[in-house]
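Chain letters run A, B, ... following the sequence lines, proteins first and then strands; every chain starts at 1. FYI, side chains are in, hydrogens and waters are out, and symmetry mates aren't considered; it's all heavy atoms of this structure.
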There are 2 protein chains.
Amino acid sequence: MGRSDHRPGSQLPVTPTTLADVAERAGVSRQTVSNAVNNPDLLRPDTLERVRQTIAELGYSPNRAARNLRTRTSSLIGLRFTPAQEGTANAMMDRFVHSLVEASAEAGYHVLLFPSDDEDPVGGYDNLLRSTAVDAFVVTDTYLGNPQAAWLSQQRAPFVAFGRPWDDDEARHVWVDVDGAAGMRLATQHLIDRGHTRIAWIGWRKDSPIGEDRRSGWLSTMHANGLSTTGLASRVEDVVHSGAEAAAVLLDESEPTAFLCASDTLAMGVLHTLWIRQLAPGRDIAVVGFDDSQVAQVYPVGLTSVRQPLEDVAVEIVRSLRALLSHQPVESRGVLLEPTLAIRESS
Amino acid sequence: MGRSDHRPGSQLPVTPTTLADVAERAGVSRQTVSNAVNNPDLLRPDTLERVRQTIAELGYSPNRAARNLRTRTSSLIGLRFTPAQEGTANAMMDRFVHSLVEASAEAGYHVLLFPSDDEDPVGGYDNLLRSTAVDAFVVTDTYLGNPQAAWLSQQRAPFVAFGRPWDDDEARHVWVDVDGAAGMRLATQHLIDRGHTRIAWIGWRKDSPIGEDRRSGWLSTMHANGLSTTGLASRVEDVVHSGAEAAAVLLDESEPTAFLCASDTLAMGVLHTLWIRQLAPGRDIAVVGFDDSQVAQVYPVGLTSVRQPLEDVAVEIVRSLRALLSHQPVESRGVLLEPTLAIRESS
DNA sequence: GACGATCATTGGATCGATCAAGGGGGAGGC
DNA sequence: GCCTCCCCCTTGATCGATCCAATGATCGTC
C-alpha cells in the first residue's frame, strides 16, 4: 500500500469530508481538529491520536479554497511557461520545471503554469497577483529589457528570479543563477589538459550579457595559461547554420584544434562542418557545447557539454522563496551556482 | 499599453480590493457587482457601465480563494509532470505542456503541476482530489499497467487521458490520442514515393502496444504496395546504441535502402551506424524517426520525422474537459488525431 | 482547600465571494 | 384606482477553514 492511505476499492464521497465532520466524529471542536493538523503540539497526546485516527478513517483533507481564503495564501507558485524554441537545442526548461516541481512539493507548494503573452508580458502576472491566486512567482527570462522583474519589484510582489539582473544595477530582488563563466573555465581547462592550445570560441552577439559572460570564462582561462586568442573568436546568431559557417571560417583562417561553443545549438553547427570536411569530432577536432541538452546526449558522437545544476537551482529558489514569504531576512540577494562538465566522446 | 490595464507606475494596494469596496464606491450592492462580473445580462446597461468603470478604476479582480470556496471549483487542471528521460530524444512533454497551458487559458483554466512518485503513483492525485484543489486531471502516461486512469475512473474524478487505454477494454473514460499507425503509413508512403522498396523497421519490444501500433502502419503500407517485409524488421530497447546495432545487422543481412524508426532516439542510432560506415543519410540511405524532437531538428543532416499535433491534442483535451465539467454529454469517448510528416534531408 | 498560573479546548466571528429569496418600482391590464 | 407581473437590485445565509478571545480543566503552592 502506498504512503498515503487512499483505500483502493473505495470511492470518494460525493461531498468531501469537512473539518466539522471530523470534529463531530472525534467528539472535539472544529478548532481542535484544525490544531491537530496545523499545530499538533497544542494537543494532549491522547487527543491528538484520537483525532488523527478519525482523520485517517474519514480520509479527511483540508479544503484548499477555505484554507486559502482564511489564511490569505494559496501554496501556489506561479511560473510563466515558455517552451523551447523550435530549431534550437535549448531545452533546459523541461528539466528545470521538473526540478522546481519537486523542490516546491517538498516545501508544500505546487507550481501553477500560465501562458506567455508577448504583447502584454506582465498581464498574466497582474491577473494572478490581483486575484491572490499565487503566493509568489518564479521568473525565468531575465534577458535584456524584460520588464517582469522590475514590474514585480515595483508591485512589491514576492518573486525569485532564475537569472541575474544583468542590465539593471538598481535591482534589489532575490535571484539564483548559474555561473556560465565558471562553466567555460572548466571546459577550457579540460581542453587545455587534453593538450589543445588553439581553442576557438563561437558565441552569441555582443549584446547578450549571458554570452559575453560565458565568453569571458574562455578568454580568462586561455590567457591564464599563456595562450593566444587572436583570430580565434566568432560571434553569431544562435542557430545551427551560423555555427557551421563560423566553424568553417575559423578552420580556414586560424586552424584551431578545438571549438568551445556558447550553446549546444552552435556546437551542432560545428559538428556539421566537421562532418562535411570528413573530420572526426574528438579525434581530429574537439567540440564542447553548453546546456547538456538531449541533443548532446543522443548525438552519435556524444557531445561534451557544460551542464547547469538545475536541480540545485530549483532547491535554492525554493529556499529563497520560503524565506521571502516568511519575511525572514534573506541572507543574500543573489546565489551563483557552479555548473559541471559532462564529458563525452567529442573532446 | 497592454491588454489589461495594470497601470504602470502604481503599486498594488496592500490589501487587495474586494467586491464590497467596488459595491460601495459604485453605489450598488455586492451581488450586483458579482453579477456585473459573472452575469452582465442581468444588469441594466447604464448600471453595468458604472460598475465596470469602478472595477477598472480600483483594479478589482475577484479573490480566487473566495470564489473557489463558494462555487466548489478551482479553475485548475492537475497535470503530473514527468520530465523527459535523460539519454533519449523523447521531449514532447515540453511542447505538450505549453500547448495545454495555452488551450487551458483560453477556457479560463490554469495548469497545476505536481510531482510524480513512483512508489505511490496515485498519491498525488488523491491529495489534490481530496482537498478539492483541482477541477480535473490530464493523465499522460497510459502505458501498460498504469493504474492512474482506472483509479481516477473509480473515484469518479473528472479527467481526460492523452493516450488510448491500450490494455483495458473496460475503460470508459475520455481520451485523446495521436494515430501512430497513420503517421507511419504517411512515412512509409513517403519513402515508397521516393523510390524505396526495401524499407526496414526498427521498433520497440513486442510488449509495447504503442510500438506495435506504429509498426502496423509500416507493415500495412508495405503490403498494400506489394512490398516484402521479411527480414526487414527489428525490435529493440529504446536507446541509441540498440538502434545502431539493429541498423548494422539489418544492413549486413537485408540490404535495406531506408530505415523507419519508432522513435528519434532509435533513428539517432541508425545515423550513427551510417556515419561509421561512411554512408550519407538521405543520399545513400534514407532515415525517418518519430516525434520531431529537437534532435531531429538540429541534427546536422535534418532528420525526417513524424510530428504529433500536440497543439491540437491539447485543444481537444480542453474541449473534452469542459464538456465533462459542465456535465454535457460527451460526443465520443475517444478522439484520434492525425500526425504530420516533417520532411528533412535524411529522406 | 482556596488561589493564580498554565494547559487544553471551545464557540463565535471572519475571510470574500456566490446562492437563494425577497423587495421596490414602473408598465400594463382590468 | 388597483392589482399583477416583470425587471432590477438588495439582503441574509453560506461555503469550510482559521483567528481570536474566552472558558474549563489541571497543576503546584501556600
Q) Does A/Ser29 place a side-chain N or O at less than 4.0 Å from the phosphate oxygens OP1/OP2 of C/dG11? A)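 No, outside the criterion.
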
Q.
When you measure from the side-chain N and O atoms of A/Thr32 to the phosphate of C/dT10, is any distance below 4.0 Å, counting only OP1 and OP2?
A.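 True: A/Thr32 side-chain N/O within range (under 4.0 Å) of C/dT10 OP1/OP2.
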
Interatomic distance, [X] [atom1] vs [N] [atom2] [rounded to whole Å]:
X	N	atom1	atom2	value
B/Arg44	D/dC6	CZ	C1'	14 Å
A/Leu43	D/dG24	CG	P	20 Å
A/Leu42	C/dT10	CG	C1'	14 Å
A/Asp46	C/dT9	CG	C1'	12 Å
A/Asp41	C/dC7	CG	C1'	13 Å
B/Glu49	D/dC9	CD	C1'	18 Å

**Q.** Greater than 12 external heavy atoms within 6.0 Å of A/Arg322's CZ
**A.**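 Count not over threshold, so no.
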
Q. When you check the gap from the basic side-chain N to the acidic O, do A/Arg52 and A/Glu49 get nearer than 4.0 Å?
A.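 Answer for the salt bridge query: no.
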
**Q.** Under-4.0 Å salt bridge between B/Asp126 and B/Arg130
**A.**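 Answer for the salt bridge query: yes.
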
Donor-acceptor pair, distance only, cut-off 3.5 Å: does the side chain of [X] make one with the backbone of [Y]?
X	Y	result
B/Arg80	B/Pro121	yes
B/Asp135	B/Ile77	no
B/Arg67	B/Arg72	no
A/Ser34	A/Arg30	no

Q: For the pair A/Phe114 and A/Phe137, name the ring-plane relationship: parallel under 30°, tilted 30 to 60°, perpendicular over 60°.
A: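 A/Phe114 and A/Phe137: perpendicular rings.
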
Q: Using five pairs at either end of the helix from C/dG1-D/dC30 to C/dC30-D/dG1, determine the angle between the two local helix axes and round it to 10 degrees.
A: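 Terminal axis comparison yields 50°.
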
Write down the protein N/O and nucleotide N/O pairs, taken from nucleotides 17-20 of chain C, whose separation is under 3.5 Å; answer none if there are no such pairs.
| unit_1 | atom_1 | unit_2 | atom_2 | d |
| --- | --- | --- | --- | --- |
| C/dA17 | OP1 | B/Tyr60 | OH | 3.0 |
| C/dA17 | OP1 | B/Asn63 | N | 3.0 |
| C/dA17 | OP2 | B/Leu19 | N | 2.3 |
| C/dA17 | O5' | B/Tyr60 | OH | 3.3 |
| C/dT18 | OP1 | B/Asn38 | ND2 | 2.5 |
| C/dT18 | OP1 | B/Arg67 | NE | 3.4 |
| C/dT18 | OP1 | B/Arg67 | NH2 | 3.3 |
| C/dT18 | OP2 | B/Ser34 | OG | 2.4 |
| C/dT18 | O2 | B/Arg70 | NE | 2.7 |
| C/dT18 | O2 | B/Arg70 | NH2 | 3.4 |
| C/dT18 | O4 | B/Arg30 | NH2 | 3.2 |
| C/dC19 | O4' | B/Arg70 | NH2 | 3.2 |
| C/dC19 | N4 | B/Gln31 | OE1 | 2.4 |

Q.
How long is the straight-line distance from CG of A/Asp21 back to CD1 of A/Ile55, given to the nearest 0.5 Å?
A.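 It comes to 12.0 Å.
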
